[in-house]
Structures are given as C-alpha cells and as structure tokens.
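Structure incoming, see below.
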Amino acid sequence: MTYHAKSEFLRVMIERGFLADCTDYQALDDALIAGVVPAYIGYDATAASLHVGHLMNIMVLRWLQRTGHKPITLMGGGTTKVGDPSFRAEERPLLTPAAIDANIASMKQVFGRYLAYGDGPTDAIMLNNAEWHDSLNYLEFLRDIGRHDSVNRMLSFESVKSRLDREQSLSFLEFNYMILQAYDFLELYRRYGCRLQMGGSDQWGNIVNGIDLTRRVLEGEIWGLTTPLLTTSDGRKMGKSASGAVWLRGDMLSPYEFWQFWRNTTDADTGKFLKLFTELPVAECDRLGALQGSEINAAKVILANEVTTLLHGTEAAQAAEATARAVFEQGGVGGELPTVALSADEAAEGISLAQLFVRAGLAKSGKDAKRLIAEGGARVNDAEATDSGRVIRAADLAEPMKLTAGRKRHALVVVA
C-alpha cells in the first residue's frame, strides 16, 4: 500500500494490514480529517454467533471509533431472508423470521465487547435493515431503484460469474441480494448520514453497486473500503479450527478453547495476527512476530491473552493461560478445559474410546479417532491410548478423565 494517509484511521488501516482497496483514498482521507465520518459494515444473521472470520472487520469498526468516527453495525434482518450468493457454491438455506430475530439478538452480545454504543457523535449504533426492507412496495422499488441497476454490470461481478459457471444456478431471489444491499447504503446515507461502507474484499462488487446507486438517486459523496481475504500462512481460510468454527460467544466456544486457538497460531502468522487482532503498538507486534525458536511461543501467549481479553475479559484470559500452563507444563487437569458430560445411563452402558474422542470434538469421526489412536496421537490421562475399542464405563470415570489429541488439544470427560 503506497498511499500516504493523513487521517489517523487510514494510517491505522494501512500500517496494521487492514486495507485491501478503497474507491477514493484522497477524498475519504480528506473527509476523515474534516470531521466525524459514520461508516457501516453489514452482518447477515445466518447463525447465532459471529465467528473468528468476522473478527477482522469488527476490529476495523473498533479502530474507526477509537480514531474519532461513528461505527454502524447493520444487522441483516431483511437481507438474511434472501441470502448473499457471493462466492457461494449453492443457495443458502432460508431461515424463518423468528430464527433471524433470535440470531440477531444473540449476535448483539458480541459487538458490545468491542464497541461503545450510545447517543454521542462517535458512539456506535446498531440498525436492522428490516426497518426499511419489510415495508418495500415491489413495484415502487423496481421503478424507483431497480431502473438504476445495470444487469450487464451486475453479471460482470466476480462473485456472480463464479456462481454462473457452476451447475447450481443463481436464483432470481439471490440475484436481488446485491440490489437490496446497494439500497441499504442509500437508506443509511439518507437516514443517518453514513458515508462509508466497509467489508471483506469479496464484497467489493456489492459495495461499488451501493455507491453508484446512492450517487444516482441522491447525488451523495460516499466511499467504499475493503479488507483483504484473511488466510493463514498454510493457505487455510481464517475462522476454522480442527473441531469446527471458532465462535465468538462463550457459550458456543469456551474462553479456554478460544484462547487455545490463538496460542496454536503458526510462527509465520504471529506478527500479522498481533497487528490485526490486538491493539499493541505496530513496532511491538513486529518485534514479537520476528522472535525465533522457543521465544515465539511467548509471543503466541501474548497474542492469545490480548485477543481473549478483548472478547471475554481479563479474568477469562488469565484463567485460560493458567489452565494451559497446568495442562502443558505440569501435566495437570485445568478447570477451563472443554468438558464432555456423560449421563449416568451412558456411563453404565459404556462407550468406546473412539466414540469418546468424537464426542469430545477431538476427532471428526470414528474412523478418524481410530486412525489417531493407531498412529499414537491419542492419550488418556497423559498415557498413550492403544485400544480404540476399549469401553469406558462409570468405574473409569470416578475422577474426570483427560483426553488428548496430538500435543495441544485436550478435553475432560465426566459423569453428569
């Protein structure tokens, strides 16, 4: 990135690696210097929680607020009823209005950890696009909004082209998504003076569409900014762990498991993740990321503590680190480990060791568990497990049983 930003927000975006592209660097930079710029990112309510894949853009909103501007978290109560087709191999399952509302209520709890909401000029606000989508008159919408959209241009977007090349067709319902998202920007500009939409680089086409629509209808001066697609150094998409999505709600993924996800960062990603997901000074992130050998492990602990503190609080981060120390350094059983609770009936009947590893999320299937055990990668109470068919019964669970997969993944088994 060669643009030399004058505004604090753009400088942070560039220095910390958040910026992929912008529709007009100079004009946005000037506006950010001139006064408070309201900016939004949209979140469709497809699940009960956001996950680590959303965290980079949440941090963008946090930095926006820290540098004196106004974040808007736009919940997709309307657009979720359609489903974003961008780079999807097939159509998303449609959710009921009740399920969408429940997901939004659940997701709100995460944003409150990162943003200060209120009525002040730089306080964040949370909106729901169902506020204007649910009252749309279809014919009026086609006449007033649809006439400004070029189908030829929409078909040129990479997110659409990639879908048209597949056997799974792009439905007319999904094709309307980009028009509705463009309309969101227009309504946010009209109602709340929002002048900047941000999002992942896969949203570039949708963002540009909203800018063009708003300029045609209201002649507003607005901009778009995207963040890069985040992958780990080995090419994997950010947001997944070996046992599934890394959720940002503590009741869906324990603070310990969240902490452990960051502690397991590869050496090559440590410096980058420190800049993106913590608020440590850039120079310190670079210093820590450049450490070699065993010293890089201390940087990973700092990364895990900083990220976990932002989401779950200082006490949760300290407890997670203490648990990790007990498990890894002392061979103990930490109280924050993920726990599998067997019912008394299950314990009496017995369960194979392979299935227990599956229940604990340490293996994806019985076959995977058997392979793990056969290759010497599984331990029970710190002793190597050799018999995948061993039946675990109540007598084996008089004390909590610790299961280990590899060197760093652990779980407890107890009788409820």
Side-chain angles (χ1 to χ4, degrees), residues 41-62 65 71-77 79-80 83-84 92-93 95-117 124-128 199-200 230 237-265 273 276-279 303-324 334-341 359-362 409-412 416:
I41 296 177
Y43 298 88
D44 279 345
T46 54
S49 173
L50 301 162
H51 56 71
V52 162
H54 295 108
L55 190 52
M56 181 161 63
N57 281 332
I58 295 175
M59 290 299 293
V60 167
L61 290 173
R62 183 176 173 86
Q65 187 169 50
I72 299 172
T73 45
L74 180 66
M75 311 307 291
T79 42
T80 305
D84 185 359
R92 292 179 185 272
L95 301 179
T96 65
I100 292 171
D101 289 344
N103 285 346
I104 289 174
S106 178
M107 291 164 66
K108 283 180 179 179
Q109 299 175 39
V110 172
F111 287 109
R113 297 292 310 178
Y114 294 91
L115 302 172
Y117 288 86
I125 56 174
M126 180 170 285
L127 304 171
N128 186 335
L230 187 60
K237 186 176 180 181
M238 185 71 173
K240 298 285 186 180
S241 71
S243 57
V246 182
W247 300 110
L248 302 185
R249 278 183 56 106
D251 57 346
M252 295 177 66
L253 186 82
S254 73
Y256 172 80
E257 291 173 287
F258 184 77
W259 187 96
Q260 194 62 55
F261 171 80
W262 297 100
R263 171 60 183 80
N264 291 340
T265 295
F273 288 177
L276 291 173
F277 300 112
T278 81
E279 295 175 326
L303 170 67
N305 283 339
E306 292 287 329
V307 182
T308 304
T309 295
L310 280 175
L311 178 61
H312 294 297
T314 303
E315 289 185 8
Q318 292 173 342
E321 183 183 3
T323 294
E336 296 295 316
L337 285 179
T339 300
V340 177
R359 283 278 295 274
L362 300 177
R409 298 171 56 221
H410 308 269
L412 296 182

Exercise for review: With sequence neighbours excluded, tell me which residues meet ring pair (Phe, Tyr, Trp, His ring centres under 6.0 Å) with Phe111.
Suggested key: Tyr43
**Study point:** Considering all heavy atoms, the nearest Ala124-Leu115 contact
**Key:**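 Looking at all heavy atoms of both residues, the closest pair is CB-CB, 4.0 Å.
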**Study point:** Value rounded to 0.5 Å, distance of OG1 in Thr308 from CD in Glu315
**Key:** 14.0 Å
Review point. Any side-chain heavy atom of Leu276 sitting closer than 4.5 Å to one from Leu230?
Key: yes
Practice item. Given side-chain contact (heavy atoms from CB on, under 4.5 Å), test Ile58 with Leu248 step by step and report yes or no. Key: CA-CA 11 Å; Ile58 295 175; Leu248 302 185; 4.0 Å; yes
Review point. Can you tell me how far the NZ atom of Lys108 sits from the CE atom of Met126, to the nearest 0.5 Å?
Key: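 So the NZ of Lys108 and the CE of Met126 are separated by 6.5 Å.
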**Study point:** Side-chain heavy atoms of Thr46 within contact of Thr80, under 4.5 Å
**Key:** yes
Check your understanding: Is there a side-chain contact between Leu311 and Tyr114, using heavy atoms and a 4.5 Å cut-off?
Key ->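 With C-beta onward as the side chain, the pair touches.
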Exercise for review: Please name all residues satisfying side chain to side chain contact (heavy atoms under 4.5 Å, CB included) with Ala360, sequence neighbours left out, ordered by chain then number.
Suggested key: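 Once residues adjacent in sequence are excluded, the partners of Ala360 under the side chain to side chain contact (heavy atoms under 4.5 Å, CB included) criterion are Val340, Leu362, Leu403, Ala411.
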Revision key, fill the gap. Between Ile104 and Ala45 the two heavy atoms that sit nearest each other are CG1-CB, 3.5 Å
Exercise for review: Looking only at non-hydrogen atoms, find the nearest pair between Trp259 and Ala324 and report the distance.
Suggested key: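 Reported closest heavy-atom pair: CZ3-CB, 3.4 Å.
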Review point. Side-chain contact, heavy-atom cut-off 4.5 Å: His410 with Tyr256?
Key: yes
Review point. Do Arg62 and Leu310 touch side chain to side chain, with heavy atoms closer than 4.5 Å?
Key: yes
Point to revise | Residues that Ala99 engages under side chain to side chain contact (heavy atoms under 4.5 Å, CB included), provided they are two or more places apart | key: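 With sequence neighbours excluded, Ala99 shows a side chain to side chain contact (heavy atoms under 4.5 Å, CB included) to Leu95, Thr96, given in chain and number order.
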Exercise for review: First locate atom NE2 of His54, then atom OG of Ser49, and finally report the distance between them rounded to the nearest 0.5 Å.
Suggested key: 9.0 Å
Review point. For the atom pair OG1 (Thr73) and CG (Leu61), what is the distance rounded to the nearest 0.5 Å?
Key: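 One finds 7.5 Å between OG1 of Thr73 and CG of Leu61.
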Review point. For the residue pair Pro255 and Ala316, what are the closest heavy atoms and their distance?
Key: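 Minimum heavy-atom separation between Pro255 and Ala316: CB-CB, 4.0 Å.
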Exercise for review: Look at the rings of Phe258 and Trp262 and say which category their plane angle falls in: under 30° parallel, 30 to 60° tilted, over 60° perpendicular.
Suggested key: perpendicular
Check your understanding: For Glu321, what residues pass the side-chain hydrogen bond (donor to acceptor under 3.5 Å, both in side chains) criterion, not counting sequence neighbours?
Key -> Asn305, Arg325
Point to revise | For Ala105, side chain to side chain contact (heavy atoms under 4.5 Å, CB included) partners two or more places apart | key: none
Exercise for review: Only pairs at least two apart or in different chains count here, so list each salt bridge (charged side-chain N to carboxylate O under 4.0 Å, His left out) that has a residue in residues 245-254.
Suggested key: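 Qualifying pairs, neighbours excluded: Arg249-Asp251.
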Check your understanding: Rounded to the nearest 0.5 Å, how far apart are CG of Leu74 and CG of Leu127?
Key ->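 Atom-to-atom, Leu74:CG and Leu127:CG are 6.0 Å apart.
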Review point. Where the side chain of Ser106 meets the backbone of Ala102, is there a donor-acceptor pair that is under 3.5 Å apart?
Key: no
Review point. Quick one: side chain to side chain contact (heavy atoms under 4.5 Å, CB included) partners of Thr309, sequence neighbours excluded?
Key: Thr314, Ala317
Practice item. Look up atom CZ in Arg409 and atom CD in Gln260, then write down how far apart they are to the nearest 0.5 Å. Key: 10.5 Å
